[in-house]
Undergrad: 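To start, I am sharing the structure in question, which I have written as structure tokens.
Throughout, a chain's letter reflects where its sequence line sits, starting with A, and its residues are numbered from 1. Values below: every heavy atom of this structure, side chains too, minus hydrogens, waters and symmetry copies.
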Amino acid sequence: MAELRIYNSLTRQKEVFTPLVPGHVGMYVCGPTVSGESHLGHARPYITFDVVYRYLQTLGYKVRYVRNITDAGHFEEEGREATDKIAEKAKLEQLEPMELVHKYTRLFHWAMEQFNTLPPSVEPTATGHIVEQIGMIEQLIAAGFAYEVQGSVYFDVKKYAASYDYGKLSGRIIDELLTTTRELDGQEDKKDRTDFALWKAAAPEHIMRWQSPWGVGYPGWHIECSAMATKYLGKQFDIHGGGMDLLFPHHESEIAQSTICNHQAPVRYWMHNNMITINGRKMGKSYNNVIRLTELFSGSHPLLEKAYHPMTVRFFILQTHYSSTLDFSNEALQAAEKGLKRLWEAYQKLKKIDYVQKGAPGNGTDEALTQTVNRLLGEVPSFMNDDFSTAKVLANFFELVPVINAIYDGHTPAGALSASTLLHMQKEMTHWLETVLGLQGMEEGGHDKLEQVMNLLIDIRKEARGRKDFMTSDKIRDRLASVGIQLKDEKGGEMTWRID
RNA sequence: GGUCCUGUGGCCGAGUGGCUAGGCAGAGCUCUGCAAAAGCUCCUACAGCGGUUCGAAUCCGCUCGGGACCUCCA
């Protein structure tokens, strides 16, 4: 069995994955801030790490997957006012902060279900771990790496950098940070501009607030991940994932905090997915080019030509390696849609092939084809083991599509492939496409199409009855009944139907 | 300004120095009452200029273009 290799952002190279505790994997992924609706960009990390989670499990690991919900808004250091994003939005929508947070949390969960992502093992909330965060801050103060100023607590980056490598993960040079960071107002409290907040004193109008040793306030952003990761995964764990944009300062700061508190580097393998861009630009609130997931699924956004199925999006994302930027366009998404449809149809056809009838009892008659199939299937694990190269996995399955179609249509003679080869192919497709990549079919589901089909059948039946072709008429009604649809003749020749 | 990534055919995208993925679109043919689907075939690219090498999309240098991070961000 080949080894799994993961690109580690910390060392900037692919490394053989060896879990801390044999057979077990601890994985932490930065979750969403639920101050607003999830957008297309959010789909990337959660789908990426869902595949990582699934794959590790199929390798036999017992995985504890922790993904937080950031529901305690952090301050925005823009200009003078340090405002709480969540509190601000809540006022805007006339909602209680927790009401708002729950609304968007539910929406997030709903979207994740659409994408067929597995729920994490633990999904801790920042507000539920204030105690742990305060505890960690106290440790940092006691260790001399944090200081309090007027009810707020900051991490002393300069002091940390004196004995540790602050900037190792993000490739930042501390001296440059110290001199380059731009001047911001309202930060007189800090000893140095690079210091980041662990705890912020809450202004009177601030709605989200907690009691702390330093007065009433709320936690900084970085501390929540450190506190929750430590609590659920221990002082050191295997994998930490998130978007590349979180490298600095978020993950860099996480390392600093945890290193001081736990006396060791918290994470062994850092994984970062790249961004989804739209027209070459990163999608983000500041760029005003955000496509929300609800808009994506319904097609209700000026940039969208049509609605896109969640599976199309999932497939679209998996067709690219997670470390590359992925540019969104209608053309690209529609290509993905067609591609997935073709792949899935072939997969369904394969399931319908009668192995006993069409497969040869012993070896298939077409040895070359058998070898091709076995090679294509055999390569797949090595692709996944090579830093989760889902794009290559999909490419190989696409090469099987014509093989399957040809057998199904009879272009390839029956018996070319043995029954066991066909079965093997089917099992592998189920395993990789469904279990590992988490893909599903794109059933149209909606009643619109069914409605149209029924109208068509009703029309045909009316015509048949018009020429007294009751054999056809009865056939339609009986066959529909057998699939659970009751067709009733109303007075005046109209027909109605309902699903039993 | 600093740090880093990137530039592949009409479009999206794999690519570990040699055997030059895959998808979408397009063209032709086969099948077909029509259409669709499907099958077969074709279109074969690596920003530019140098260099290393028997051999480079892949390594090195320069030029040009695009992007990310340095601020909340997936």
Side-chain angles (χ1 to χ4, degrees), chain A residues 5 9 12 14 29-33 35-36 38-49 67 70 73-79 82-85 167 170-173 175-177 179-182 184 193-194 196 221 241-250 252 272-277 279-287 290 315-316 319-343 345-346 349 376 379 382-383 386-387 389-412:
Chain A
R5 290 158 61 82
S9 308
R12 286 148 221 269
K14 281 186 197 169
V29 174
C30 288
T33 301
S35 61
S38 308
H39 59 255
L40 175 58
H42 289 106
R44 187 121 195 232
Y46 306 131
I47 288 172
T48 297
F49 291 105
R67 187 182 66 204
T70 297
H74 9 79
F75 46 89
E76 292 181 341
E77 294 177 321
E78 282 175 11
T83 53
D84 184 313
K85 207 193 282 177
S170 53
R172 215 89 345 171
I173 298 161
D175 291 336
E176 260 157 23
L177 281 175
T179 54
T180 311
T181 309
R182 70 189 157 113
L184 290 172
R193 282 171 295 179
T194 54
F196 55 87
W221 176 33
M244 264 177 62
D245 51 344
L246 299 181
L247 268 166
F248 189 89
H250 187 53
E252 197 71 61
H272 289 95
N273 63 275
N274 216 315
M275 302 291 101
I276 287 183
T277 58
N279 297 325
R281 266 254 130 61
K282 180 180 135 179
M283 181 176 300
K285 281 164 196 160
S286 28
Y287 293 108
V290 175
F315 179 79
F316 175 63
Q319 258 191 317
T320 308
H321 192 259
Y322 71 85
S323 64
S324 307
T325 53
L326 177 58
D327 196 46
F328 167 90
S329 69
N330 281 288
E331 207 179 358
L333 224 40
Q334 280 163 33
E337 184 177 75
K338 285 181 189 168
L340 174 59
K341 192 162 166 267
R342 180 153 171 261
L343 179 65
E345 279 173 3
K349 282 180 194 168
L376 289 170
E379 285 171 346
S382 63
F383 294 155
D386 184 16
D387 198 27
S389 298
T390 55
K392 288 168 118 183
V393 172
L394 288 171
N396 269 29
F397 282 112
F398 266 111
E399 290 200 55
L400 289 173
V401 168
V403 176
I404 295 166
N405 284 332
I407 292 172
Y408 188 81
D409 294 345
H411 292 292
T412 296

Undergrad: Just how far is it from atom CG of A:D386 to atom NZ of A:K14, taken to the nearest 0.5 Å?
TA: 3.5 Å
Undergrad: Quick check on B:A74: is either OP1 or OP2 less than 4.0 Å from any side-chain nitrogen or oxygen of A:N273?
TA: no
Undergrad: Give a yes/no on whether any side-chain N or O of A:K338 is located under 4.0 angstrom from OP1 or OP2 of B:A25.
TA: yes
Undergrad: Whether A:T70 contacts B:A74 is assessed here as follows: a side-chain N or O lying under 4.0 Å from the phosphate OP1 or OP2. Is that the case?
TA: no
Undergrad: Send over the distance from A:N274 CG to B:A68 P, rounded to a whole Å.
TA: 10 Å
Undergrad: Check every strand shown and say whether A:K392 touches a base, only sugar-phosphate, or nothing at a heavy-atom separation below 4.0 Å.
TA: sugar-phosphate
Undergrad: Which heavy atom in A:H321 sits nearest to a heavy atom in A:R44, and how many Å separate them?
TA: O-NH2, 2.9 Å
Undergrad: How many whole angstroms separate atom CZ of A:F316 from atom C1' of B:C11?
TA: 12 Å
Undergrad: Quick check: closest heavy atoms across A:F248 and A:S170, and the distance to 0.1 Å?
TA: CD1-OG, 3.4 Å
Undergrad: My understanding is that only residues two or more places apart in sequence, or in another chain, count here; which of them pass ring-ring contact (aromatic ring centres under 6.0 Å, His included) with A:Y46?
TA: A:F108
Undergrad: Using a cut-off of strictly less than 4.0 Å, decide whether A:R342 has a side-chain nitrogen or oxygen near OP1 or OP2 of B:C24.
TA: yes
Undergrad: In whole angstrom, what separates A:Y408's OH from B:C31's C1'?
TA: 16 Å
Undergrad: Using atom CZ of A:R12 as one end and atom P of B:C4 as the other, report the distance to the nearest whole Å.
TA: 8 Å
Undergrad: Looking at B:G23, B:G39, B:G15, which one has an atom nearest to any side-chain atom of A:Q319?
TA: B:G23
Undergrad: For A:D327, report the nucleic acid contact type (base, sugar-phosphate, nothing); a contact means any heavy atom under 4.0 Å.
TA: sugar-phosphate
Undergrad: What are the two closest non-hydrogen atoms of A:L40 and A:I276, and how far apart are they?
TA: O-CD1, 3.6 Å
Undergrad: Can you figure out which of B:A14, B:G23, B:A74 approaches the side chain of A:T320 most closely?
TA: B:A14
Undergrad: Taking CG from A:L246 and P from B:C70, how many angstroms apart are they, rounded to a whole number?
TA: 10 Å
Undergrad: Do the side-chain N or O atoms of A:T33 get closer than 4.0 angstrom to the phosphate oxygens (OP1, OP2) of B:C72?
TA: no
Undergrad: Is there a side chain to side chain donor-acceptor pair (under 3.5 Å) between A:D327 and A:T277? Walk through the geometry before answering.
TA: CA-CA 5 Å; A:D327 196 46; A:T277 58; 2.6 Å; yes
Undergrad: Once you apply a heavy-atom cut-off of 4.0 Å, does A:S324 come out as touching a base, just sugar-phosphate, or nothing?
TA: sugar-phosphate
Undergrad: Just do the side-chain contact (heavy atoms from CB on, under 4.5 Å) check on A:Q319 and A:L326 with the steps written out, would you?
TA: CA-CA 10 Å; A:Q319 258 191 317; A:L326 177 58; over 6 Å; no
Undergrad: If you look at every strand shown and take non-hydrogen atoms under 4.0 Å, does A:M244 touch a base, only sugar-phosphate, or nothing?
TA: nothing
Undergrad: Choose from B:C70, B:A74, B:G23 the nucleotide whose nearest atom is closest to any side-chain atom of A:A335.
TA: B:G23
Undergrad: Indicate, with a heavy-atom threshold strictly under 4.0 Å, whether A:E337 touches base, sugar-phosphate, or nothing.
TA: nothing
Undergrad: In whole Å, what is the span from the CG atom of A:N396 to the P atom of B:G23?
TA: 11 Å
Undergrad: Tell me the interatomic distance from A:R281, atom CZ, to B:U6, atom P, rounded to whole angstroms.
TA: 19 Å
Undergrad: Using atom P of each nucleotide, how far apart are B:C43 and B:C34 to the nearest Å?
TA: 30 Å
Undergrad: Examine B:G39: is either OP1 or OP2 under 4.0 Å from a nitrogen or oxygen in the side chain of A:H411? Give yes or no.
TA: no
Undergrad: Please measure how far the C1' atom in B:G2 lies from the corresponding atom in B:C11, and state the result in whole Å.
TA: 35 Å
Undergrad: Contact class for A:F397 (heavy atom, under 4.0 Å): base, sugar-phosphate, or nothing?
TA: nothing
Undergrad: Could you work out the separation of B:C46 and B:A21 based on their C1' atoms and round it to a whole Å?
TA: 14 Å
Undergrad: Let's see if you can work this out: which of B:A14, B:G22, B:G2 has an atom nearest to the side-chain heavy atoms of A:R172?
TA: B:G2
Undergrad: By the 4.0 Å heavy-atom rule, please label A:H272 as base, sugar-phosphate, or nothing.
TA: nothing
Undergrad: Once you apply a heavy-atom cut-off of 4.0 Å, does A:G41 come out as touching a base, just sugar-phosphate, or nothing?
TA: base
Undergrad: What pattern of brackets, bars and dots sums up RNA chain B from 5' to 3', given Watson-Crick or G-U wobble pairs under 3.5 Å, [ ] for crossing pairs and | for another strand?
TA: (((((((..(((.....[...))).(((((.......)))))....(((((..]....))))))))))))....
Undergrad: Please check if the side chain of A:N273 supplies one atom and the backbone of A:Y322 the other of a donor-acceptor pair under 3.5 Å.
TA: no
Undergrad: Report which part of the nucleic acid A:L340 touches: base, sugar-phosphate, or nothing (heavy-atom distance under 4.0 Å, all strands).
TA: nothing
Undergrad: When the distance from CG of A:D386 to P of B:G15 is rounded to whole Å, what number comes out?
TA: 8 Å
